[in-house]
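Protein chains get the first letters and strands the later ones, always in sequence-line order, with residue 1 at the start of each. Computation of the quantities below employed the complete heavy-atom set of this structure, encompassing side-chain atoms and omitting hydrogens, waters and symmetry-equivalent molecules.
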4 protein chains.
Amino acid sequence: MPEQSSHPRSLRAMDSVLGATTELLSEGGLPAATVDAISARSGVSKATIYKHWPCRTAIAAEAFGKQMAAAIPLPDKGDAASDLAEQVRRVSSFYAGPQGTIFAQLLAASVADPAASPYFREYFLDKRREAVAELWQRALDRGEVKPEISAETATDVLFGPLIFRLMTGHPPLTTEEADKISSAALGGLLAD
Amino acid sequence: MPEQSSHPRSLRAMDSVLGATTELLSEGGLPAATVDAISARSGVSKATIYKHWPCRTAIAAEAFGKQMAAAIPLPDKGDAASDLAEQVRRVSSFYAGPQGTIFAQLLAASVADPAASPYFREYFLDKRREAVAELWQRALDRGEVKPEISAETATDVLFGPLIFRLMTGHPPLTTEEADKISSAALGGLLAD
Amino acid sequence: MPEQSSHPRSLRAMDSVLGATTELLSEGGLPAATVDAISARSGVSKATIYKHWPCRTAIAAEAFGKQMAAAIPLPDKGDAASDLAEQVRRVSSFYAGPQGTIFAQLLAASVADPAASPYFREYFLDKRREAVAELWQRALDRGEVKPEISAETATDVLFGPLIFRLMTGHPPLTTEEADKISSAALGGLLAD
Amino acid sequence: MPEQSSHPRSLRAMDSVLGATTELLSEGGLPAATVDAISARSGVSKATIYKHWPCRTAIAAEAFGKQMAAAIPLPDKGDAASDLAEQVRRVSSFYAGPQGTIFAQLLAASVADPAASPYFREYFLDKRREAVAELWQRALDRGEVKPEISAETATDVLFGPLIFRLMTGHPPLTTEEADKISSAALGGLLAD
DNA sequence: ACTTAACCGAGACGGTACGTCGCGTCTTTCT
DNA sequence: AGAAAGACGCGACGTACCGTCTCGGTTAAGT
């Protein structure tokens, strides 16, 4: 019994890849997560890696996305409007922190490399849009937000400004700035 | 004196570089604008190119930025609030059009390649922030917008959502979507 | 009892491997006879294949060697000297034909891959050396060839020139050339 | 003046490649002369290497061929027949020595990789055929060899047997064996 | 007939080398 | 002098095939 072999071999290999990628990302950001480096550190061969992901960005998206999902649980307790605010606050503090840079690099890379887009969407965007859609519906039902605005639009308005600041990096996105931006954005969504 | 040499030789060479880059960008987006291709098409050697720009993204930013500046003149006629709205409308229709993709690629590249950030800022961000700041101040003076929001924040809130949609590409940023997003964002900025 | 199982399963599998290899060799030469291709076409798994042969060259040597043995029966009728000449003629026409290329590839591969040498020897060289040795001895007994030359040496002198031409490919080994070479080589062996 | 720059840069790089290849060949034969290893040892990048040679076999052929040419000067002194014999003797002792293995590997590789054939011919075959052709003509003029045999055929008959023994490796090609083979082959060429 | 152990097909895996691409630097040659 | 031309080092890419392995299902024997 050389290793705990509850998983079939391939699953262990893929876990190893994601673990190595997470390490490399935290050490040197996306540029450090080359396929060669991931292969060397994980002990998984490049050929095997390419059987499971189309490009390195996809690997990084999956590895980092799982981290982020764990770091930002969806708020589920309070009333709709404050859940929304709380969610924005959590995400913005994530962006403003050290992980924000990696997120920006990933988003950038998924633009440059369209093969990675589905991965980026799967691990960063879709769940968040769904979650916001649910909160938005609840808020709508209670008349707390403007009914002419769709959940899609609301998501863009809430997170877009933060991401814009993050990507351009100037002025830097601090926690305080993130708060100001979030409140302003929220202001356009709440019912009068 | 075979050519009008009001500019020294190098200036004409740099124009040639920017022209070639513009062509390449329109033909194949940022991936087509490799330094080798730019050099070959412009007839300017790579060494000379690298004397003026730190990396290829910087060239593309300058070439494309000048185009964009020409394509989106700053509105200066109406009252402040509608100038603001008009500006957002112009930018969003630029983003939603075929040039939007190239803009997204450029923004992405300037994240991946920090040496290009100053160029991207210079040709895309700073002027826009300045213009918005001026419009914002005028609107403030007339009490048309919320005074607790800074011009910086306003800029983020107005353009961030569009850029977010553009970068993630899902759902696609159409002209109609851009309008909905813009109105929602503007809604949070106007005075009650 | 769906198939005649006089052979155990593995023997039928090995026949299937050799058949598939023969097909692949004739379709694309040695480069086409990859282990994966052989496995796929024969329906025999790679693991099973590697239980019976040390490397792919060995498989190809066996498959092609059996073909060649069938294509070139040993002459056994005439007098010794003309049997020798006839044997050389048969071999050289085989070399000069389409199969010659594959033979050359196999010889080349068995140099590059020493594990295959015994197979190549078994299926191509040993029997031929034995046959020539017998013919040589008969010729010797009748005083038709130079007695100071061993059968080994005679074999080298008779077949070496053809193989040399075949391997280097320049000038190409045509049937006419093969005849000239064979006669010249034979000339050095016959008794004065 | 950092290095002796009598050559342009590329020539120095190519010399460096050939030198590194020669070392690697002598250390581990052709299998050791991978392009990566050549690149690492020579300090010349793979991209540059591939601008000058189509494949690794071509590099090895050139590197080893120059060595061999230096190791086997063409005899030019005695009468034609003994020059021929002397040439065969020199080549056969080269084949029988440690370098013979590498020669065999190279010939094998140039069969497997047709892109290398021209290089192999240029560095090993053409010059030798030319030299033998000259010796053969001289011998012909003096009536020392059979006039119905062409120089091409003579070359095949003289060197083919040695190469055949070398490639098959069984029985091994020793110096004594080489002598026996050479004499037998020569016997068929000399005039009665 | 029913188990049970050997065996096999299928194919994923680690490994090695491949040949290619684009960047940014550097040298050579020409104007 | 300064620029065009383009070769070069570098580092990463994605691919191919090798020979080994793990897994699950079938076969052919032993009970």
Closest to the side chain of D:V44, out of F:dG9, E:dC13, E:dG9, is F:dG9

Note: for A:A47 and A:P31 on DNA chain F, the residue whose nearest nucleotide lies more 5' is A:P31

Figure out the NZ/C1' separation between D:K51 and F:dG6, and round it to whole Å. 8 Å

Once you round it to whole Å, what is the distance between P of F:dA12 and CG of A:L24? 11 Å

Rounded at 0.5 Å granularity, tell me how far CE in A:M68 sits from CG in A:L106. 10.5 Å

Would you say a side-chain N or O of C:T48 is under 4.0 Å from OP1 or OP2 of E:dG9? yes

How far does CD1 of D:I59 sit from CH2 of D:W53, to the nearest 0.5 angstrom? 6.0 Å

Could you state the CZ-P distance from D:R56 to E:dA17, rounded to the nearest angstrom? 9 Å

Take the protein atom CD1 of C:I49 and the nucleotide atom P of F:dC17, then report the distance between them rounded to whole Å. 15 Å

Separation of atom CG in D:D36 from atom P in F:dC13, rounded to whole Å: 15 Å

Counting side-chain heavy atoms from CB outward, which of F:dG14, F:dC18, E:dG22 is closest to C:T34? F:dC18

When the distance from NZ of A:K46 to C1' of E:dT20 is rounded to whole Å, what number comes out? 12 Å

Return whichever of B:Y50 or C:S39 has its heavy-atom-nearest nucleotide of DNA chain E closer to the 5' end. C:S39

With D:D36 as partner, the option from D:R56, D:R41, D:K46 fulfilling salt bridge (Lys or Arg N to Asp or Glu O under 4.0 Å) is D:K46

Starting at CZ of B:R41 and ending at P of F:dA5, how long is that distance when rounded to a whole Å? 15 Å

Between P on F:dG19 and NE2 on C:H52, what's the gap in Å once rounded to a whole number? 16 Å

Set out, in order, the CA-CA distance, both residues' side-chain angles and the distance that settles ring pair (Phe, Tyr, Trp, His ring centres under 6.0 Å) for C:F103 and C:F124, then state yes or no. CA-CA 9 Å; C:F103 173 83; C:F124 290 95; 5.6 Å; yes

Closest-nucleotide ordering on DNA chain E, the 5'-leading residue of D:A37 and A:S45: A:S45

Quick one: does A:S42's side chain have a donor or acceptor within less than 3.5 Å of a partner on A:A20's backbone? no

Under 4.0 Å between a side-chain N/O of A:R12 and OP1 or OP2 of F:dC21, yes or no? no

